[in-house]
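First comes the structure, then the notes that go with it.
Within every chain, numbering begins at 1; the chains are lettered A, B, ... in the order of the sequence lines, protein sequences first and strands thereafter. No hydrogens, no waters, no symmetry mates; every other heavy atom, side chains included, goes into these values.
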Amino acid sequence: MNYPYVTEFRQSLVEWFEKEKRDLPWRHTKDPYKIWVSEVMLQQTRVDTVIPYYNRFMESFPTLELLAEAPQEYLLKHWEGLGYYSRARNLQAGVREVLESYGGIVPDNRHEISKLKGIGPYTAGAILSIAYNKPEHAVDGNVMRVLSRVLNIHEDIALPKTKKIFEAAVEELIDPENASSFNQGLMELGALICSPTSPKCLLCPVREYCTAFNEGEPENLPIKSKKVKMKHISYDVFVCEDEDGRILMEQRPEEGLLANMWQFPMVEQEDDSLIKFAQHHELNVQAHQPILTFKHIFSHLTWHVNAYYMKSKTAEKGEWLTREQIELLPMPVPMLKIWQAIK
DNA sequence: AAAGCGGGGTT
DNA sequence: AACCCAGCTTT
């Protein structure tokens, strides 16, 4: 690696972290289960977003056993609005594996913990280092940004193989006695100081040991290629209420986008989609009116939603639920938006 | 190696 | 509007 400041970098980073770290709910524990939950929630998700979800989750599922026993719908309700809902289902599958195969003890080595559903290379290293203080790499977007600057690495971080370079670097740099503070320090530095744009180098505890600060251009690292083609789809959504005040609902498939989440019936927009919808459900629609139109942007596609409200005579087909029942169902944000408009 | 998978904040 | 965020799974 040919980096001359290993000892100084370690010491400065760990000291800075232990002095300046934010007071976060999951930093009050070393329970591997709780660290696990926090790390899964934090995947592609900001700290400020996660905090209320984590607190609510720990009130309902304070132990691994209670999470293992929870109905999936109740679990998803706790994840509602957080996104990437497969994380929640994988987490539950993972804790069940721990109970069945490891006597309820989260494994303390990479080989075993990596077998658990939802635990990839990053989360494995995060749990091992934070809960067990094991000197294991935990390379996320923050770490790649920080180390690309400290070590002046110009490889494209969008390429999967590039992550191996950073994992190898962490293995050499990591403080074997303070793995927890070292790994968290790298991420905390990325969050507070070594930001994507306008890094605050003058406040940085390791700027003396930063190759890009000394010899390069920190603000132009890391190198990241990008190519995204956004897809667009238009949907009609029908909020259909019968004479008893019950509303027609449907559950999404168990695989794919928003798996197992509930929604008001939704069909791809066509000129006669309302007629087709009414025929399919054998509805006797008496009146309908537009509620709202909006755009919902996912990471890889955009929904253009037209929502309508309608009254129908009571029909046999489909799941007709009361407002109280609907409140208990996990729904994605676009549906919550429509539900708010209805109420 | 590439694609699918949420939602929201920042610039 | 583009980018980013304490990434993982499937193909």
Q. What heavy-atom pair brings Phe213(A) and Arg207(A) nearest, and what distance separates the two atoms?
A. CD2-O, 3.4 Å
So what does [X] touch, heavy atoms closer than 4.0 Å: a base, only the sugar-phosphate, or nothing?
{"X": "Ser38(A)", "answer": "nothing"}
{"X": "Trp79(A)", "answer": "nothing"}
{"X": "Val47(A)", "answer": "base"}
{"X": "Arg27(A)", "answer": "base"}

Q) Expressed in whole Å, how much space separates the P atoms belonging to dG8(B) and dC8(C)? A) 22 Å
**Q.** Between dA6(C) and dC5(B) - P atom distance, rounded Å
**A.** 23 Å
Q: Establish, yes or no, whether a centroid distance under 6.0 Å links the rings of Tyr54(A) and Trp26(A).
A: yes
Q. With ring centroids as reference points, do Phe61(A) and Tyr74(A) lie under 6.0 angstrom apart?
A. yes
Q: Specify the residue among Ala126(A) and Gly118(A) whose closest nucleotide of DNA chain C lies further upstream toward the 5′ end.
A: Ala126(A)
Q) Taking the nucleotide of DNA chain C with the closest heavy atom to each, which residue, Trp26(A) or Ser114(A), is nearer the 5' end? A) Trp26(A)
Q | His300(A), nearest nucleotide to its side chain (from dT9(C), dG4(B), dA6(C)) | A | dG4(B)
Q. Does Arg22(A) pair with Glu188(A) as a salt bridge, N-O distance under 4.0 Å?
A. yes
Q. Would Arg87(A) count as a cation-pi partner of Tyr85(A), with NZ or CZ less than 6.0 Å from the six-membered ring centre and within 45° of the ring normal?
A. no
**Q.** Joint hydrophobic cluster, Leu147(A) plus Tyr5(A), side-chain heavy atoms closer than 4.5 Å
**A.** yes
Would you give me the side-chain donor-acceptor pairs under 3.5 Å for residues 334-343 of chain A, sequence neighbours excluded?
from: Trp339(A); atom 1: NE1; to: Glu327(A); atom 2: OE2; distance (Å): 3.2
from: Lys343(A); atom 1: NZ; to: Glu327(A); atom 2: OE2; distance (Å): 3.0

In this structure, how many angstroms lie between the [atom2] atom of [N] and the [atom1] atom of [X], rounded?
{"X": "Lys231(A)", "N": "dG4(B)", "atom1": "NZ", "atom2": "C1'", "value": "9 Å"}
{"X": "Leu42(A)", "N": "dA6(C)", "atom1": "CG", "atom2": "P", "value": "8 Å"}
{"X": "Leu336(A)", "N": "dG6(B)", "atom1": "CG", "atom2": "P", "value": "14 Å"}
{"X": "Arg145(A)", "N": "dA6(C)", "atom1": "CZ", "atom2": "C1'", "value": "11 Å"}
{"X": "Asn142(A)", "N": "dG7(C)", "atom1": "CG", "atom2": "C1'", "value": "12 Å"}
{"X": "Lys224(A)", "N": "dG7(C)", "atom1": "NZ", "atom2": "C1'", "value": "11 Å"}
{"X": "Gln43(A)", "N": "dC4(C)", "atom1": "CD", "atom2": "C1'", "value": "16 Å"}
{"X": "Asn90(A)", "N": "dG4(B)", "atom1": "CG", "atom2": "C1'", "value": "13 Å"}

(Q) Tell me which residues in residues 157-196 of chain A lie within less than 4.0 Å of DNA chain C, going by non-hydrogen atoms. (A) Met187(A), Pro196(A)
Q: Go through Glu136(A) and Arg110(A) one step at a time and tell me if the salt bridge (Lys or Arg N to Asp or Glu O under 4.0 Å) criterion holds.
A: CA-CA 8 Å; Glu136(A) 295 281 347; Arg110(A) 188 175 287 272; 2.9 Å; yes
Q. Salt bridge (Lys or Arg N to Asp or Glu O under 4.0 Å) between Lys77(A) and Glu80(A): does it pass, once the steps are laid out?
A. CA-CA 5 Å; Lys77(A) 192 67 187 171; Glu80(A) 184 181 77; 2.8 Å; yes
(Q) On the nucleotide dT10(C), are OP1 or OP2 found under 4.0 Å from the side-chain N or O atoms that Lys117(A) carries? (A) yes
Each nucleotide N or O in nucleotides 7-11 of chain B that has a protein N or O under 3.5 Å away: list the pair and distance.
from: dG7(B); atom 1: OP1; to: Tyr85(A); atom 2: OH; distance (Å): 2.7
from: dG7(B); atom 1: OP1; to: Val333(A); atom 2: N; distance (Å): 3.3
from: dG7(B); atom 1: OP2; to: His296(A); atom 2: NE2; distance (Å): 3.1
from: dG8(B); atom 1: N2; to: Arg46(A); atom 2: NH1; distance (Å): 2.4

Q) Parallel, tilted or perpendicular for Trp303(A) and His296(A), by the 30°/60° rule? A) tilted
